[in-house]
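Shown below is the structure under consideration.
Because only heavy atoms are used, hydrogens play no part in the values below, and waters and symmetry mates are left out as well, while side chains stay in. Lettering of chains follows the sequences in order, A, B, ..., and the numbering in each one begins at 1.
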Amino acid sequence: MSEQIHHAFEAFQRLTLVEKTDQLFVFLKHLILVCIPESLQPLVSGLLSVVLIMSVFPGIFAIITVIERKGLGRIQNRYGPNRVGIPFTKIRLCGFGQFIPDGIKSLTKEDIVPRDADKIVHFLAPIVMLIPVLLAYAVLPFGKNMTVSDFDAGLLFFFAVGGAVELSVFMAGWSSRNKYSMLGAMRAIAQMISYEIPLILSAVTVVMIVGSLKLTDIVAAQNYYTLGVAHWFVFTPWGLVGFILFFIASLAESNRCPFDLPEAESEIIAGYFTEYSGFKFALFFLGEYLGMFAIIGLGITLFLGGWTAPVSFLTFIPSYVWFLGKMIGIVFVFIWIRGTLPRLRMDQLMNLAWKFMLPLALINILVAGIWHFMCPDWQRWLVCTAIIFGAYVVLGRGLMGNQKLGKRTYRFAE
Amino acid sequence: MTPLQGCLLVSALLFAIGFAGAVTRRHAILALVGIELMLNAANLNFIAFWRYGAHPEAITGVMFVIFSIAIAAAEAAVGLALIIAIYRHYKTSNLDEVKELKG
Amino acid sequence: MSLPFIIIAFVTLFAAAAAMSLRNLVHCALALTVTFAGLAALYLNLDAQFVGFAQILVYVGAVAILIVFAILLTRSGDSPNQAVLAPGWFYGIVISATIFTALGWAVLNSGALPKQILAAPEATVKSIGEALMTKYVLPLEVIGLLLTAAMIGAVVIALKEPAKTEDSGRKS
């Protein structure tokens, strides 16, 4: 055994400093694995990865809740949480300790179950929500050699477990015996099903170009540089359109503003989890944010090069830092959108999904095919951009109908 | 008992459960659910024979199941649409109350 | 017969029996979802990864939701007060028991089943895709046509019946 440890250290020694920081976690896991008997290795390997994911992403969730409240406050011209710091000290940390009292509050609140509720389904719904969301993390490549289980059909796995979330939403809405819950659940399911189609179709383009459903292969296909700039798929015409479609659809899938009809506070209280309180509410909240992180992680993997650096001279930064950095960056954009855009109406929501995004996603698949078969020079850029631009104009005008928009007027408070 | 026989027994029991549900329950949706269970039992058989059969390198069983899943999805969509249309017309979805043929 | 197989099979069959025997239709649909997920786990246990994921995507993600929507649209979400069994249910049980006995006897006593267990075969996404695009390209096209036809058909069937009153001209 000591020989194996020695081996592992030797292999690690041979790496350069940049590679050492990059592969630090892989090495530590390998080190733990060689210390235990052979038969237990798969179990411990899985357990280590699960523990890491279960601690890192809820941790990010805790920080993001504070950042979101502060960011929204900044956008709305107020302070946001700025009091709570480290408990029992005078250190305030600009209010970044806010998640501690938030967590304590939701854990100690009374757990209310409505009298007419279907007790078992009501209890199971938050659990059914969290399990598929956590399962989705299994296939994401967080860094170089850092994938929990690299399935051959990883992308399919991700979308498959994502489908199970809809069921938990229904369970929560139906079992509460509350009209607001039911309405919220129906809205959420209709929205998720509608936006799942552009989501999957925009991911199909990447699969067509790479020729694999394996997420590590997709990252590897983007991990090379010409003139110092990475070949991310977002830097191609079809990739840009695919990324924008994926981005909009992932906003809708994670029930974020402007697609937050399922939990529109001013119309239907809190949507499908109106009747949840305390820890179960916290689980829904956590599940929603973790689902958002997972789908952003998938978007990064598909279009933004996963854990690769955008320009070659930045490759010294470890891969997992790039992944988490990109993820948090996109979460910032989500918060920004939430603070800026108004909520869509139900018919506008459906029109956008079925009349605009679905045809554009289909045309994008065609464009990806043309891109693949044309010889790689400037002509294919021209042809692909022209097709996409034409489709965008035609579809956009079609969605507008004969509507004429007047000059925009502004009204301000005196 | 070989693993293949185990799979086949599970699939036979699933088929019997699906059949029993399809013929004994009054509600139209449950009849459809029973049919779905029977289809799934057949799919399990295909996968089991592919896995333990003599020629797994020809992926016939897998292909058959993929097509079968697609057909089952189409069947479920049309069947449930029919049930909704029947409910709208007769104000019931119990199969034994839908007796008249004329609209 | 490995232990995971026995556990998954037991859960699947139990959920299937629950789906067919519970009174409340929504509970039936949820139990049915467990059955579908259990079947997907069985496929994974039998080394058919792609089929297992496709099963979850299609059945848990789509068919179960469709059934749930149909239950709510036909207003049968509450537990029914009348009988849930059809008049001739006893004969149905007898016939299905007979079917299971016959199938089980055949499975246990058949000499035609292959005895040797081969190593886990490869059914990668690549090989499935290549087969779909070469040998099975005609069935694939037909399935595409069938799905389109089924989609249009389902929409047409579920459209509102033309009302016989004066507001028949108004679109829904």
Side-chain angles (χ1 to χ4, degrees), chain B residues 1-10 12-21 23-27 29-30 33-34 36-37 40 43-44 47-48 50-54 56-57 59 62-63 65-67 69-74 76-78 80-85 87-89 93 95-96, chain C residues 1 5 9 13 16-17 19-20 25 28 32 35 39 42-43 46-48 50-51 54-55 58 62-63 66-67 70-71 73-74 76 83-87 89 92-93 96-97 99-100 103-104 107-108 113-115 117-118 121 123 127-128 131 136 139 143 146-147 150-151 153-154 157-158 161:
Chain B
M1 196 157 57
T2 60
L4 177 58
Q5 281 177 328
C7 285
L8 295 186
L9 275 183
V10 169
L13 193 52
L14 198 63
F15 186 88
I17 292 172
F19 181 81
V23 295
T24 56
R25 294 296 293 259
R26 286 175 79 205
H27 203 284
I29 291 175
L30 279 175
V33 166
E36 288 288 340
L37 281 185
N40 271 294
N43 286 353
L44 183 57
I47 293 290
W50 164 75
R51 172 67 181 82
Y52 298 113
E57 71 280 353
I59 46 176
V62 173
M63 301 312 289
V65 174
I66 290 171
F67 287 127
I69 287 177
I71 291 175
V78 176
L80 292 170
L82 272 174
I83 290 170
I84 291 171
Y87 173 79
R88 215 175 261 151
H89 195 85
S93 39
L95 284 173
D96 50 350
Chain C
M1 295 290 276
F5 177 83
L13 291 173
M20 294 280 80
L25 274 182
C28 291
L32 181 74
T35 314
L39 275 164
L42 280 181
Y43 295 160
L46 293 171
D47 301 309
F50 187 83
V51 177
Q55 166 94 5
V58 173
V63 172
L66 215 58
I67 288 173
I71 290 171
L73 284 174
T74 55
S76 18
V84 292
L85 293 175
W89 61 272
I93 298 279
S96 81
I99 289 175
F100 176 65
L103 282 176
V107 165
L108 288 179
L113 295 177
K115 287 282 184 295
I117 296 171
L118 304 166
S127 62
I128 290 173
Y136 296 93
I143 283 284
L146 175 89
L147 283 175
M151 191 175 75
I157 293 170
E161 286 184 35

Is chain B contacted by the side chain of C/Val107, its backbone, both, or neither, given a heavy-atom distance below 4.5 Å?
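Answer is both: backbone and side chain atoms of C/Val107 are under 4.5 Å from chain B.
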Side-chain contact test, heavy atoms from C-beta onward, threshold under 4.5 Å: evaluate it for C/Tyr43 versus B/Leu44 and give yes or no.
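Yes, their side chains come closer than 4.5 Å.
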Which atoms of B/Leu30 come close to chain C, meaning under 4.5 Å heavy atom to heavy atom: side chain ones, backbone ones, both, or neither?
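Both backbone and side chain.
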So which of C/Ala48, C/Ala9, C/Ala97, C/Gly153 has the largest heavy-atom pair count under 4.5 angstrom toward chain B?
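Of the candidates given, the most pairs with chain B belong to C/Ala48.
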Can you tell if the side chain of B/Ile66 reaches within under 4.5 Å of the side chain of C/Phe50, non-hydrogen atoms only?
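With C-beta onward as the side chain, the pair touches.
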Which of C/Pro139, C/Ala62, C/Ala54 touches chain B most, by non-hydrogen pairs under 4.5 Å:
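Of the options given, most contacts go to C/Pro139.
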I'd like to know if the side chain of B/Arg51 reaches the main chain of B/Leu4, judged simply by a donor and an acceptor atom lying under 3.5 Å from each other, with no hydrogens or angles considered.
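Pair absent, no side-chain N/O of B/Arg51 close to backbone of B/Leu4.
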For B/Leu13, enumerate each residue passing the side chain to side chain contact (heavy atoms under 4.5 Å, CB included) test, keeping only those at least two apart in sequence or located in another chain.
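With neighbours one apart ignored, the set is B/Ile17, C/Leu13, C/Phe100.
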Per-residue contact mode, B/Val62 against chain C (heavy atom under 4.5 angstrom):
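When you check distances to chain C, atoms from both the backbone and side chain of B/Val62 fall under 4.5 Å.
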Which atoms of B/Phe15 are under 4.5 Å from chain C, going by heavy atoms: the side chain, the backbone, both sets, or neither?
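Looking at B/Phe15, just its side chain touches chain C.
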Heavy-atom pair count under 4.5 Å with chain C, highest-scoring of B/Ile71, B/Leu82, B/Leu8, B/Ile47
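Result: the option with the highest number of such pairs is B/Ile47.
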Less than 4.5 Å apart, side chain to side chain, heavy atoms only: is that true for C/Phe5 and B/Pro3?
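The answer is no, as the side chains (C-beta and beyond) never meet within the 4.5 Å cut-off.
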To the nearest 0.5 Å, tell me how far B/Tyr87 OH sits from C/Ile71 CD1.
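The CD1 atom of C/Ile71 is 13.0 Å from OH of B/Tyr87, to the nearest 0.5 Å.
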Are side-chain heavy atoms of C/Gln55 and B/Asn40 found at a separation under 4.5 Å?
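Side chain of C/Gln55 against side chain of B/Asn40, heavy atoms only: contact under 4.5 Å found.
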Who wins among B/Glu36, B/His27, B/Arg26 for the most heavy-atom pairs under 4.5 Å with chain C?
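Most heavy-atom pairs under 4.5 Å with chain C: B/Arg26.
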Return the set of residues passing side chain to side chain contact (heavy atoms under 4.5 Å, CB included) with B/Ala74 (not counting sequence neighbours), or none when no residue passes.
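Checked B/Ala74 against side chain to side chain contact (heavy atoms under 4.5 Å, CB included); matches are C/Leu146, C/Leu147, C/Ala150.
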Report the option among B/Ile29, B/Val65, B/Ile83, B/Val23 that has the most heavy-atom pairs separated by less than 4.5 Å from atoms of chain C.
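The residue among B/Ile29, B/Val65, B/Ile83, B/Val23 with the greatest pair count is B/Ile29.
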Take B/Ile59 and C/Ser127, measure what side chain to side chain contact (heavy atoms under 4.5 Å, CB included) needs, and give me the verdict at the end.
CA-CA 8 Å; B/Ile59 46 176; C/Ser127 62; 4.2 Å; yes
Find the one option among C/Leu73, C/Leu103, C/Val51 whose heavy-atom pairs under 4.5 Å with chain B are most numerous.
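Looking at each of C/Leu73, C/Leu103, C/Val51 in turn, C/Val51 comes out on top.
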Contact leader toward chain B among C/Leu39, C/Thr35, C/Val58, where contacts are heavy-atom pairs under 4.5 Å
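Of the candidates given, the most pairs with chain B belong to C/Leu39.
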Need one label for C/Ile99: side chain, backbone, both or neither, based on atoms under 4.5 Å from any heavy atom in chain B.
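The side chain, not the backbone.
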Tell me, for C/Leu32 versus chain B, whether the close heavy atoms (under 4.5 Å) come from the side chain, the backbone, both or neither.
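Just the side chain, heavy atoms under 4.5 Å.
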